[in-house]
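A short worksheet on the structure shown next.
Convention: sequence-line order gives letters A, B, ...; per-chain numbering from 1.
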Number of protein chains: 2
Amino acid sequence: MRVTRQRSAILEFLRSKRHHYSATQIYDAVREKIPNISLGTVYRNLASLLEDGEIISVETSDKCVYYDGFISGHSHFVCQCCKEIYDFPLESTTSEPEKAGFTVSNQRVVYYGVCKMCNQSK
Amino acid sequence: MRVTRQRSAILEFLRSKRHHYSATQIYDAVREKIPNISLGTVYRNLASLLEDGEIISVETSDKCVYYDGFISGHSHFVCQCCKEIYDFPLESTTSEPEKAGFTVSNQRVVYYGVCKMCNQSK
DNA sequence: ATGATAATAGTAATCATTACTATTAAGCCA
DNA sequence: TGGCTTAATAGTAATGATTACTATTATCAT
């Protein structure tokens with residue numbers, strides 16, 4: 001595995017932002033530093049960074065995958081009333097798959113409901 | 001919202017199997033009953049069944065979405081090695097959002113990792 | 001049964017992702 | 001430092017899931 005300017009720029013970008021980005025968004029951002037970087041290069045590096053556990057990915061109901069340079073786990077709460085998205089820490093109990101002998105490398109937890117603010121205003 | 005043969009057949013198929021199917025797999029299965037059903041019809045109905053909460057979906061690192069007619073609370077485990085999707089019970093602790101005074105009406109939990117079988121074969 | 005119109009079939013378009021290939025540039029070694 | 005090996009890249013084409021479009025069909029309230 002070689003450290004290329006392209007790979008470094010992609011990882012650096014993801015680590016500099018606390019947000020999720022699609023491959024195309026990453027492509028557009030990195031192009032400001034490396035104007036002729038190829039979209040295929042972005043995809044290839046994202047795949048290998050994922051495999052190395054340097055970044056994580058989030059699949060949504062959108063048809064594209066989002067990538068995140070912040071590895072520390074957190075869950076999301078989506079308020080069905082005000083549509084706000086909140087972050088919460090992940091609970092730290094041993095998960096059911098782990099109890100069954102599976103190796104869990106990543107998990108995604110999304111809660112749907114009504115947030116405190118919306119609850120109070122009713 | 002009208003109850004059509006197509007919509008019923010899709011829902012019936014998903015409820016008859018305790019497994020997860022992609023839109024194309026559902027299309028192939030339902031075509032045995034309704035040979036000239038359109039793939040677009042499958043997608044449209046899956047989207048509305050999802051919105052109504054009659055089915056649930058699982059996003060994987062594959063580029064297609066999987067649908068599930070078994071909606072009682074359970075979590076999913078996606079094996080990154082063999083791509084199989086396993087069901088697990090949901091843990092019953094009080095969730096972090098509930099501790100914070102939020103009302104949780106639904107939650108989706110997906111674990112990613114390597115299943116027991118793949119772990120053993122290495 | 002009839003009429004309004006939501007849903008469908010069939011097809012074309014979109015768009016994220018992957019595959020392919022000639023060219024470039026990391027990284028090792030003298 | 002310069003040359004060599006070859007992994008990685010740029011650019012482009014192909015793939016495949018999903019969505020859009022439109023004339024036609026079939027549901028269902030009256």
[X] has an atom [atom1]; how far is it from atom [atom2] of [N], in whole Å?
{"X": "A:Arg7", "N": "C:dG27", "atom1": "CZ", "atom2": "P", "result": "11 Å"}
{"X": "A:Ile10", "N": "D:dT9", "atom1": "CD1", "atom2": "C1'", "result": "11 Å"}
{"X": "B:Tyr66", "N": "D:dA17", "atom1": "OH", "atom2": "C1'", "result": "11 Å"}
{"X": "A:Arg44", "N": "D:dA10", "atom1": "CZ", "atom2": "P", "result": "8 Å"}
{"X": "B:Gln25", "N": "D:dA17", "atom1": "CD", "atom2": "C1'", "result": "13 Å"}

Practice problem: Indicate, with yes or no, if B:Phe13 and B:Tyr43 share a hydrophobic cluster defined by side-chain heavy-atom contacts under 4.5 Å among Ile, Leu, Val, Met, Phe, Trp and Tyr. | Solution: yes

Nearest-0.5 Å distance that lies between atom [atom1] in [X] and atom [atom2] in [Y]:
{"X": "A:Asn45", "Y": "A:Leu50", "atom1": "CG", "atom2": "CG", "result": "11.0 Å"}
{"X": "B:Glu54", "Y": "B:Arg15", "atom1": "CD", "atom2": "CZ", "result": "5.0 Å"}
{"X": "A:Ser57", "Y": "A:Leu49", "atom1": "OG", "atom2": "CG", "result": "11.5 Å"}

Exercise. For DNA chain C, find the residues of residues 31-40 of chain A with a heavy-atom distance under 4.0 Å and give them by number; none if there aren't any.
Key: A:Leu39

Quiz item: So B:Tyr27 and B:Ile37, side-chain contact (heavy atoms from CB on, under 4.5 Å) or not? Walk me through it.
Solution: CA-CA 8 Å; B:Tyr27 174 57; B:Ile37 192 173; 4.1 Å; yes

Quiz item: Does a side-chain heavy-atom distance below 4.5 Å link B:Phe77 with A:Phe102?
Solution: yes

Quiz item: Reading nucleotides 23-30 of chain D 5' to 3', which nucleotides get B (base under 4.0 Å from a protein heavy atom), which S (sugar-phosphate only), which -?
Solution: ---BBS--

Quiz item: Is it true that atom NZ of A:Lys99 has more than 12 heavy atoms of other residues, nucleotides or ligands lying nearer than 6.0 Å?
Solution: yes

Practice problem: May I ask you to decide if the ring planes of B:His74 and B:His76 are parallel, tilted or perpendicular, using 30° and 60° as cut-offs? | Solution: perpendicular

Quiz item: Is any side-chain nitrogen or oxygen of B:Tyr43 closer than 4.0 Å to OP1 or OP2 of D:dT19?
Solution: no

